[in-house]
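The structure appears right after this line, and notes come after that.
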Amino acid sequence: MRQPIIPDRLAETCRHAPETREWLDNLSGVIDTLAERWELSIDHPFVAEASCSWVAPCARRDGSRAVVKIGMPHMEARDEVHALRFWSGEGAVLMLDADESLNAMLLERCEPGTALRDVSEPEQDRVIAGLLRRLWRVPTQPHPFRHLSEMTAHWRNDALEFSDRWTDAGLTREGLRLFRELHDSAPKNILLATDLHAGNVLRSQREPWLVIDPKPFIGDPAYDATQHLLDCDERLRSDPLGTIRRFADLLEVDDERVRLWLFARVAVESCCDIHEPSSMARRII
């Protein structure tokens, strides 16, 4: 059993909780188990985006190339296996095999695998909007997916834990109120990717671009615009309403709901930011 290379960001993430430290301690044995079970020759892991999972290229017994991914215990990503199985390669990376008990997946290898971040942001808008519209479907009951309200409740609890440090209590309370209101008024509830940004879209041969690393929840499609927009920081700061409107139009969703979701996220997530208190939230509102 050889000791695996652990990317620095993944090691730092795992340091903060007993559950993730234990997961990291057991990772070497899990890698060896999967290599034997799936008959893989596993290479050194990817490091650029690795903060919540151990991901490495590998070769299968027949010589075909794939990727092995082992996810650490993570509330938001719990149902990734189920989502990739549901999408079955339609706009997302294809899952070749999985072990749910180990939160491990054998995935198709995106080649050349360059990230969508390498193209202009307007082109990113078009690609991500097209992919999201393909992913947005209603899974048949019964299904394992949680409602988006479970994730925002998790963020709400995190924010309330530090309520004595809020830099603008009014904005934070309004963000928390909007979380509830937007869930209750959602025009429809579909399976979302929730964490889809240009770093989680890779160039591929099977399709021009494929989604990786979803964090699936059932909820309002307008919410799924938020992560990409938050990654377009300069555009969002200089022209928040125009940037939101253009992306919402590509997604064919209500731009006002996108704006409110963005405000709620920023107001709650930056509640203790002492350097730039709620400036993005004020720009969006």
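Rounding to the nearest 0.5 Å places CZ of Arg15 at 4.0 Å from CD of Glu12. Note: Leu251 CG to Leu131 CG = 10.5 Å, rounded to the nearest 0.5 Å. Atom CD1 of Ile244 sits about 5.5 Å away from atom CD1 of Ile284, to the nearest 0.5 Å. The structure places CG of Asp99 at 9.0 Å from OG1 of Thr33, a figure rounded to the nearest 0.5 Å. Taking CD1 of Ile70 as the start and CG of Asn103 as the end, the distance is 9.5 Å to the nearest 0.5 Å. Taking CG from Leu132 and CD from Glu252, the interatomic distance works out to 12.0 Å, rounded to the nearest 0.5 Å.
Evaluation of the ring-ring contact (aromatic ring centres under 6.0 Å, His included) rule for Trp261 yields His183, Tyr223 as partners, not counting sequence neighbours. Under the side chain to side chain donor-acceptor pair (under 3.5 Å) criterion, Arg133 pairs with no residue at all, not counting sequence neighbours.
Under a hydrophobic clustering in which Ile, Leu, Val, Met, Phe, Trp and Tyr are joined whenever their side-chain heavy atoms come within less than 4.5 Å, directly or via other members, Leu34 and Ile5 fall into different clusters. Residues Leu241 and Val266 do not share a hydrophobic cluster, clusters being chains of Ile/Leu/Val/Met/Phe/Trp/Tyr side chains in contact below 4.5 Å. Residues Leu210 and Met95 fall into different hydrophobic clusters, defined by Ile, Leu, Val, Met, Phe, Trp and Tyr side chains chained together at heavy-atom separations under 4.5 Å. Val47 and Trp54 fall into different hydrophobic clusters, where Ile, Leu, Val, Met, Phe, Trp and Tyr residues are linked whenever their side-chain heavy atoms come under 4.5 Å apart, directly or through other members. Val30 and Leu40 fall within a single hydrophobic cluster, where Ile, Leu, Val, Met, Phe, Trp and Tyr are joined by side-chain heavy atoms under 4.5 Å apart, directly or via other members.
Using a 4.5 Å cut-off on side-chain heavy atoms (C-beta onward), Val201 and Leu196 make contact. Proximity of Val93 to Cys110: side-chain heavy atoms (C-beta onward) are separated by under 4.5 Å at one or more points. Side-chain contact between Leu94 and Arg206: present, with at least one pair of heavy atoms (C-beta onward) separated by less than 4.5 Å. In this structure, the side chains of Leu171 and Phe263 come closer than 4.5 Å at one or more pairs of heavy atoms. Here the side chains of Glu80 and Asp213 are in contact, with some heavy-atom distance below 4.5 Å. The shortest distance between side-chain heavy atoms of Trp155 and Glu76 falls below 4.5 Å. Within the 4.5 Å cutoff, the side chain of Val119 has heavy atoms near those of the Arg203 side chain. Between Pro139 and Ile218 there is a side-chain heavy-atom pair separated by less than 4.5 Å.
Using a distance-only test at 3.5 Å, with no hydrogens or angles considered, a donor-acceptor pair links the side chain of Asp239 to the main chain of Gly242. With hydrogens and angles disregarded, no donor-acceptor distance shorter than 3.5 Å links the side chain of Thr13 to the backbone of Cys52. In this structure a side-chain-to-backbone donor-acceptor pair under 3.5 Å is present from Arg283 to Arg237. Side-chain N or O atoms of Asp195 include none that pairs as donor or acceptor with a backbone N or O of Pro214 at under 3.5 Å. Here the side chain of Ser64 pairs no donor or acceptor atom with the backbone of Arg60 at under 3.5 angstrom. Judged by distance alone, the side chain of Thr152 and the main-chain N or O of Ser149 form a donor-acceptor pair under 3.5 Å.
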Given the rule in the side-chain contact (heavy atoms from CB on, under 4.5 Å) test, do Arg109 and Val67 qualify, once you have shown the distances and angles that lead to the verdict?
-> CA-CA 6 Å; Arg109 176 82 178 266; Val67 168; 3.4 Å; yes

side-chain contact (heavy atoms from CB on, under 4.5 Å) between Leu102 and Arg37, intermediate numbers included | CA-CA 13 Å; Leu102 298 175; Arg37 179 183 305 163; 4.2 Å; yes

Does the side-chain contact (heavy atoms from CB on, under 4.5 Å) test come out yes or no for Gln124 and His228, once each step is laid out?
-> CA-CA 9 Å; Gln124 292 176 22; His228 170 58; 3.5 Å; yes

CA sep, side-chain torsions, deciding dist, call: Val258, Val253, side-chain contact (heavy atoms from CB on, under 4.5 Å) = CA-CA 8 Å; Val258 174; Val253 297; 3.7 Å; yes

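Ala56 approaches Pro45 most closely through the heavy-atom pair CB-CA, 3.6 Å. When all heavy atoms of Gly71 and Ser53 are compared, the closest pair comes out as CA-CB, 3.8 Å. Shown here for Thr20 and Cys14, the closest heavy-atom pair between the two residues is OG1-O, 2.9 Å. Across all their heavy atoms, Val268 and Thr172 have their closest contact at CG2-O, 4.2 Å. Smallest separation of non-hydrogen atoms from Glu90 and Leu135: O-CD2, 3.5 Å. Heavy-atom minimum distance, Trp87 versus Ala193: CH2-CA, 4.4 Å.
A donor atom on one side chain and an acceptor atom on the other are found under 3.5 Å apart for Arg265 and Thr226. Side-chain contact annotation: His197 with Asn200, donor-acceptor N/O pair under 3.5 Å present.
In summary, Asp125 and Arg235 engage in a salt bridge, as defined by a charged side-chain N under 4.0 Å from a carboxylate O. Under 4.0 Å is where a charged nitrogen must lie from a carboxylate oxygen, and between Arg282 and Asp168 at least one such pair does. Look at Arg78 and Glu150 and you find no salt bridge, because none of the NZ, NE, NH1 or NH2 atoms lies under 4.0 Å from a carboxylate O.
Other residues, nucleotides and ligands contribute over 12 non-hydrogen atoms within 6.0 Å of the CG atom of Asp233. Within a 6.0 Å sphere centred on CD of Glu22, heavy atoms belonging to other residues, nucleotides or ligands number 12 at most.
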